[in-house]
Amino acid sequence: MSRDGSAGLRHGWTTGACATAATTAAYTALLTGEFPDPVSIDLPNDKHPAFALARESLGTREATVGIVKDAGDDPDVTHGALVSARVVLGEPGSGVRFRAGEGVGTVTKPGLPLAVGEPAINPMPRQFMSAHVAAVAQRFGGTGDVLIEVSVENGAELARKTWNPRLGILGGLSILGTTGVVVPYSCSSWIDSIRRGIDVARAAGREHVAGATGSTSERVAQELYDLPEDALLDMGDFAGAVLKYLRRHPVPRLTVAGGIGKLAKLAEGHLDLHSGRSQVSFAVLADLVAGAGGDAALVEGVRGANTALDALRQSQAAGLPLGDLVAAGARRTAEGVLLGAPVEVDVVVIDRAGVIVGRA
């Protein structure tokens, strides 16, 4: 397993890479009678990882291999999951076909890179598996005609912790990965889910979507505008990901909803709102208060506040709408990122109890 040179964190492997390795081992066993263990695969960027086999089963026309996914040091929901591929010999000329096994979802809504009714095995993992089947066939004299059924143990349960139900992927997880490598804390799967959420909303004809920093702000936005489930984007800390994708794939209206602390950072121009990657500037909040006519005592109180919520409460007590000022700043940042794309933006700021304390 490789390490990230800057952070000292181990890289991991995607479900797509694990499924490719399992497929390669299973098809090799079908043609030779022996399972390669470990099994090596070829990935983009000159990566050639080897995977130990956790389970193996060989019949006359089918073989199954299970591989335990190692996500490295990334807090991935599928870390430690058993990813299996059952490879069945097909009729000559049938090519490579895919099926969703237990724990792998099925696409039920348009807007995703797969047709409705297809197993949720993304295009790049399909390419990886097909290329490795062709290589094994060439090496050991096979036809390359196979059915690949991919399964993930407890996948249906794990999928409830992902975006899949909202995206219309039902029954389990998606088999993902564009390079096969999981970069720790890159949050690439979350950002990809944001993009797919926008795609699904656009395909459903939604003209208003909401990006929320958390479950409370999402509930507030949904109730405020009576939005359907597929118009809700679990933005989390990735405001920039939402705005940049909407710039290229616009929806007529976007609501950004979040707590005062997260949106204060957006108002300051931060697009990644994670506490480890951006901080609230109380000097900036104090300047907002001063610009809105706050007296010297309030300005200094906000400058020395412990939290954005503390600054908000001081301002509320003085009758000054800091929440509205933060909302207006967040809206300016959003419009700056959208670069004139046809997206109307409004911002809703809440406190910890879910009470709206600012709008723009």
Side-chain angles (χ1 to χ4, degrees), residues 1-2 11-27 39-51 65 67 69-72 74 76-79 81 83-87 95-101 103-107 109-137 144 146-152 155 158-159 162-164 167-169 172-184 186-200 203 241 245 248-249:
M1 191 67 65
S2 59
H11 286 179
W13 309 111
T14 63
T15 48
C18 295
T20 299
T23 295
T24 302
Y27 190 40
V39 59
S40 296
I41 61 171
D42 301 318
L43 295 174
N45 304 314
D46 202 29
K47 295 278 195 302
H48 310 283
F51 297 79
V65 167
I67 287 172
K69 177 180 171 177
D70 182 356
D74 193 69
D76 191 301
V77 68
T78 55
H79 177 68
V83 179
S84 299
R86 173 175 165 260
V87 178
V96 178
R97 295 173 296 138
F98 296 93
R99 178 186 294 167
V104 171
T106 299
V107 176
K109 288 184 180 180
L112 296 169
L114 298 165
V116 171
E118 281 289 309
I121 303 168
N122 270 21
M124 194 57 73
R126 291 183 186 222
Q127 286 186 34
F128 292 159
M129 284 183 261
S130 297
H132 282 76
V133 163
V136 171
V146 295
L147 169 68
I148 304 171
E149 180 182 278
V150 182
S151 306
V152 181
L158 292 172
T162 73
W163 271 51
N164 278 18
L167 294 175
I169 298 170
L173 292 161
S174 302
I175 303 302
L176 302 172
T178 53
T179 65
V181 179
V182 176
V183 178
S186 68
C187 300
S188 57
S189 61
W190 193 326
I191 291 170
D192 185 65
S193 293
I194 288 172
R195 295 169 178 163
R196 299 294 78 78
I198 292 170
D199 292 342
V200 167
Y245 199 71
R248 302 191 303 274
H249 308 276

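Along the sequence shown, residues are numbered consecutively beginning with 1.
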K.L.:
Is the shortest side-chain heavy-atom distance between Val136 and Thr24 below 4.5 Å?
P.N.:
yes
K.L.:
Please list, chain by chain and in numerical order, all residues satisfying side chain to side chain contact (heavy atoms under 4.5 Å, CB included) with Ala17, sequence neighbours excluded.
P.N.:
Trp13, Thr14, Ile41, Leu43, Phe51
K.L.:
Verify side chain to side chain contact (heavy atoms under 4.5 Å, CB included) between Leu173 and Val104, making sure each step is shown before the conclusion.
P.N.:
CA-CA 5 Å; Leu173 292 161; Val104 171; 5.8 Å; no
K.L.:
Say you draw a straight line from OG1 of Thr179 to NE2 of His11; how long is it, rounded to the nearest 0.5 Å?
P.N.:
9.5 Å
K.L.:
Could you tell me the separation between the OG1 atom of Thr178 and the CG atom of Asn122, rounded to the nearest 0.5 Å?
P.N.:
9.5 Å
K.L.:
Where do Cys18 and Ile67 come nearest, in terms of heavy atoms and distance?
P.N.:
O-CD1, 3.8 Å
K.L.:
I'd like to check Ile175 versus Val152 (side-chain heavy atoms, cut-off strictly below 4.5 Å). Are they in contact?
P.N.:
yes
K.L.:
With sequence neighbours excluded, tell me which residues meet ring pair (Phe, Tyr, Trp, His ring centres under 6.0 Å) with Phe98.
P.N.:
none
K.L.:
Of all residues at least two apart in sequence or in a different chain, which pass the side chain to side chain contact (heavy atoms under 4.5 Å, CB included) check with Pro44?
P.N.:
Phe128
K.L.:
I need the minimum non-hydrogen distance between Ala19 and Ala85, along with the two atoms involved.
P.N.:
O-CB, 4.0 Å
K.L.:
Can you confirm whether Asp42 sits close enough to His132 that some side-chain heavy atom of one is under 4.5 Å from a side-chain heavy atom of the other?
P.N.:
yes
K.L.:
Mind checking salt bridge (Lys or Arg N to Asp or Glu O under 4.0 Å) for Arg86 and listing every partner two or more places apart, or none if nothing turns up?
P.N.:
Glu62, Glu149
K.L.:
How close do Val65 and Ala25 get, heavy atom to heavy atom, and via which atoms?
P.N.:
CG2-CB, 3.9 Å
K.L.:
Please find the pair of heavy atoms, one from Ile194 and one from Ala241, that lie closest to each other, and give the distance.
P.N.:
CD1-CB, 4.2 Å
K.L.:
Where is the tightest heavy-atom contact between Val116 and Pro110, given as atom of each residue plus distance?
P.N.:
CG2-N, 3.7 Å
K.L.:
In the structure I gave you, are the side-chain heavy atoms of Pro123 and Leu114 within less than 4.5 Å of one another anywhere?
P.N.:
yes
K.L.:
Please evaluate residues Thr15 and Lys69 with respect to the criterion side chain to side chain contact (heavy atoms under 4.5 Å, CB included), reporting the C-alpha separation (whole Å), side-chain torsions for both, the decisive distance (0.1 Å), and the verdict.
P.N.:
CA-CA 7 Å; Thr15 48; Lys69 177 180 171 177; 3.9 Å; yes
K.L.:
Can you list the residues that meet the side chain to side chain contact (heavy atoms under 4.5 Å, CB included) rule with Gln127, with sequence neighbours excluded?
P.N.:
Met124
K.L.:
Quick one: side-chain hydrogen bond (donor to acceptor under 3.5 Å, both in side chains) partners of Ser151, sequence neighbours excluded?
P.N.:
none
K.L.:
Counting C-beta onward and ignoring hydrogens, is there a side-chain heavy-atom pair between Met129 and Ile121 closer than 4.5 Å?
P.N.:
yes
K.L.:
With salt bridge (Lys or Arg N to Asp or Glu O under 4.0 Å) as the rule and sequence neighbours excluded, what pairs involving residues 117-127 come up?
P.N.:
Glu118-Arg126
K.L.:
If the condition is side-chain hydrogen bond (donor to acceptor under 3.5 Å, both in side chains), which residues does Ser174 pass it with, not counting sequence neighbours?
P.N.:
Asn164
K.L.:
Given side chains that start at C-beta, do those of Val133 and Ile148 come closer than 4.5 Å, heavy atoms only?
P.N.:
yes
K.L.:
According to side-chain hydrogen bond (donor to acceptor under 3.5 Å, both in side chains), who are the partners of Asp46, at least two apart in sequence or on a separate chain?
P.N.:
His48
K.L.:
Verify, without hydrogens or angle tests, whether Tyr27 (side chain) and Ala134 (backbone) share a donor-acceptor contact under 3.5 angstrom.
P.N.:
no
K.L.:
Using the side chain to side chain contact (heavy atoms under 4.5 Å, CB included) criterion, which residues pair with Asp199? Sequence neighbours excluded.
P.N.:
Arg196, Tyr245
K.L.:
Quick check: closest heavy atoms across Ala100 and Gly105, and the distance to 0.1 Å?
P.N.:
CB-O, 3.8 Å
K.L.:
Evaluate side chain to side chain contact (heavy atoms under 4.5 Å, CB included) for His79 paired with Asp70, printing each intermediate quantity in order.
P.N.:
CA-CA 5 Å; His79 177 68; Asp70 182 356; 3.3 Å; yes
